[in-house]
There are 2 protein chains.
Amino acid sequence: MEQDIQFEPTVGREDLLIAGKDDAFREMVHNLLAFSARLEQIRSRFGAFVGLSGVQYTLLISIRQLQSERGVGVRALADHLAFSPPFVTSETTKLVKLGLVTKTPNPDDQRRVHLRVSDKGTALLSQLAPIQQEVNDLLFEPVFAANYALVRQLAASLRASAEKAVLLSDYLVGTERSDQ
Amino acid sequence: MEQDIQFEPTVGREDLLIAGKDDAFREMVHNLLAFSARLEQIRSRFGAFVGLSGVQYTLLISIRQLQSERGVGVRALADHLAFSPPFVTSETTKLVKLGLVTKTPNPDDQRRVHLRVSDKGTALLSQLAPIQQEVNDLLFEPVFAANYALVRQLAASLRASAEKAVLLSDYLVGTERSDQ
DNA sequence: TGAACATAATTAAGTTAGTTAAGTATTTTG
DNA sequence: CAAAATACTTAACTAACTTAATTATGTTCA
């Protein structure tokens with residue numbers, strides 16, 4: 001008779017283990033994985049609708065989101081999306097050439113740059129809005145008035161804990177890398 | 001005096017609008033976006049620790065997750081992660097060559113294939129487990145006993161609604177594409 | 001002050017991650 | 001059993017993305 005093979009748990013905290021097993025945790029992780037793959041698919045479709053790649057669409061809405069009064073810099077945008085700065089430079093330059101984004105020097109620091117969505121970019125996004133509304137209404141169907149605040153709070157805190165977890169994993173992989 | 005520019009809301013449902021505005025919704029979406037970018041960063045680190053790319057690591061754990069008694073097929077794996085079947089073929093072939101995965105014909109259908117994590121693959125993953133535990137404990141810090149069931153339920157239902165939303169966006173972009 | 005160092009963005013060069021299209025083998029359908 | 005469909009693979013290619021080097025500016029401190 002074959003023995004019941006049990007993997008090492010992928011999570012340690014007692015709160016997240018059920019009867020000492022991580023099955024439920026792993027299922028959750030894979031659901032999140034599939035969810036985030038679908039978010040990416042949807043961004044590709046949104047982009048396609050306005051003639052952009054999924055990444056360009058993501059950059060455009062991220063610039064809109066991060067720009068304050070003055071604009072957002074290349075580095076901040078790269079960090080937000082976990083891209084390399086040269087990649088952000090190259091893709092945002094394309095958006096500038098399309099007239100969707102403006103790139104102006106930061107007056108307080110000539111090395112830096114202010115990225116902002118242009119009027120044309122704003123117009124393009126509002127053209128997309130009806131489709132976004134339909135898709136987002138369905139995408140977030142499980143979120144409704146009674147749990148909205150909780151889900152928003154959860155998204156914010158998961159994002160923060162994920163940032164810490166990236167730093168930890170950098171540290172662990174850097175220092176404890178196996179030598180075989 | 002500059003007029004208060006307000007974008008078209010990106011979501012329609014009243015439940016998700018606050019005072020008719022989608023600011024909170026957009027903030028949530030961008031938090032989820034950043035969260036999912038960090039999940040990807042962490043998978044790259046996990047992969048690096050055992051000599052794999054982030055995608056190869058993701059494929060390996062997804063095979064482990066989806067394999068039933070017999071194994072999982074190329075198509076099912078591709079759908080799960082939103083990759084093309086040829087890409088899954090090529091990457092899983094690399095994992096087979098590394099001895100981490102087995103690929104055997106499905107006896108019931110000679111066209112199909114059964115992918116399974118090999119003993120060597122299981123060993124590799126259990127070598128990684130201590131690091132996964134540390135990182136996952138921190139990554140999911142906002143999840144604890146009192147909200148665990150709710151978060152798991154949310155992950156499952158968001159994954160399901162996202163699948164529907166992908167189909168809808170395919171339909172909308174395919175049929176309503178602007179002609180300018 | 002000004003030399004050494006650090007930071008922001010870009011350019012150039014290259015790699016990897018992914019795709020679409022075409023082909024083979026098998027299974028299903030009418 | 002011929003025609004159509006499905007599963008996977010191979011081949012050919014493109015897009016996504018990185019690292020390394022460069023330019024320009026700003027910061028630090030002997």
Side-chain angles (χ1 to χ4, degrees), chain A residues 33 36-38 40-41 43-45 47-48 51-60 62-63 66 70-98 101-116 170, chain B residues 33 36-38 40-41 43-45 47-48 51-60 62-63 66 70-98 101-116 170:
Chain A
L33 196 59
S36 104
R38 265 115 206 110
E40 215 174 309
Q41 285 183 284
R43 289 199 302 272
S44 284
R45 268 97 179 143
L52 299 175
S53 72
V55 169
Q56 286 167 351
Y57 167 77
T58 304
L59 281 165
L60 188 61
S62 296
I63 291 170
L66 299 180
R70 306 195 148 180
V72 59
V74 167
R75 184 60 185 271
L77 196 51
D79 284 346
H80 178 64
L81 298 172
F83 288 143
S84 67
F87 182 65
V88 171
T89 294
S90 118
E91 290 299 313
T92 54
T93 298
K94 292 177 195 170
L95 295 175
V96 169
K97 279 177 184 157
L98 291 170
V101 162
T102 61
K103 187 181 283 196
T104 56
N106 180 335
D108 300 333
D109 184 342
Q110 292 292 118
R111 295 171 303 180
R112 296 185 191 220
V113 115
H114 281 323
L115 293 163
R116 288 183 57 80
D170 264 337
Chain B
L33 195 59
S36 103
R38 265 116 206 108
E40 217 176 307
Q41 285 184 284
R43 290 198 302 273
S44 284
R45 267 92 178 150
L52 299 175
S53 72
V55 168
Q56 286 167 350
Y57 166 77
T58 304
L59 281 165
L60 188 62
S62 296
I63 292 169
L66 298 181
R70 308 195 145 179
V72 59
V74 167
R75 184 60 185 273
L77 196 52
D79 283 346
H80 178 65
L81 298 171
F83 288 142
S84 67
F87 182 64
V88 171
T89 294
S90 119
E91 291 298 314
T92 54
T93 298
K94 291 177 194 168
L95 294 176
V96 169
K97 280 179 182 153
L98 291 170
V101 163
T102 62
K103 187 182 283 197
T104 56
N106 180 335
D108 300 333
D109 183 342
Q110 293 293 118
R111 296 170 304 180
R112 297 186 190 218
V113 115
H114 282 321
L115 292 162
R116 288 184 57 82
D170 264 337

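Sequence lines set the chain letters: A, B, ... in the order given, protein chains first and strands last, and positions in each chain run from 1. Not measured: the values here are computed from a predicted model.
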OP1 or OP2 of dC8(D) sitting under 4.0 Å from any side-chain N/O of T89(B)? no
K103(A) side chain near dA9(C) phosphate (N/O to OP1/OP2, under 4.0 Å): no
At 4.0 Å (heavy atoms only), tell me whether T93(A) reaches a base, stays on the sugar-phosphate, or touches nothing. nothing
Counting heavy atoms not belonging to R116(B), are there more than 12 under 6.0 Å from its CZ? yes
Residue pair P85(A) / V74(A): nearest heavy atoms and the distance that separates them: O-CG1, 3.8 Å
Between CG on residue L52(B) and CZ on residue R43(B), distance to nearest 0.5 Å: 13.5 Å
Looking only at non-hydrogen atoms, find the nearest pair between L77(B) and V72(B) and report the distance. N-CG2, 4.3 Å
So how far off straight is the helix from dT1(C)-dA30(D) to dG30(C)-dC1(D), going by the axes through five pairs at either end, to 10°? 30°
With sequence neighbours excluded, tell me which residues meet side chain to side chain contact (heavy atoms under 4.5 Å, CB included) with R111(A). D109(A)
Tabulate protein N/O versus nucleotide N/O from nucleotides 1-7 of chain C, keeping only pairs under 3.5 Å, one per line.
residue: dT7(C); atom: O2; partner: R111(A); partner atom: NH1; Å: 2.7

Out of curiosity, R112(B) CZ to T104(B) OG1, how far, rounded to the nearest 0.5 Å? 13.5 Å
Hey, what do you get for OG1 (T93(B)) to NZ (K103(B)), rounding to the nearest 0.5 Å? 3.5 Å
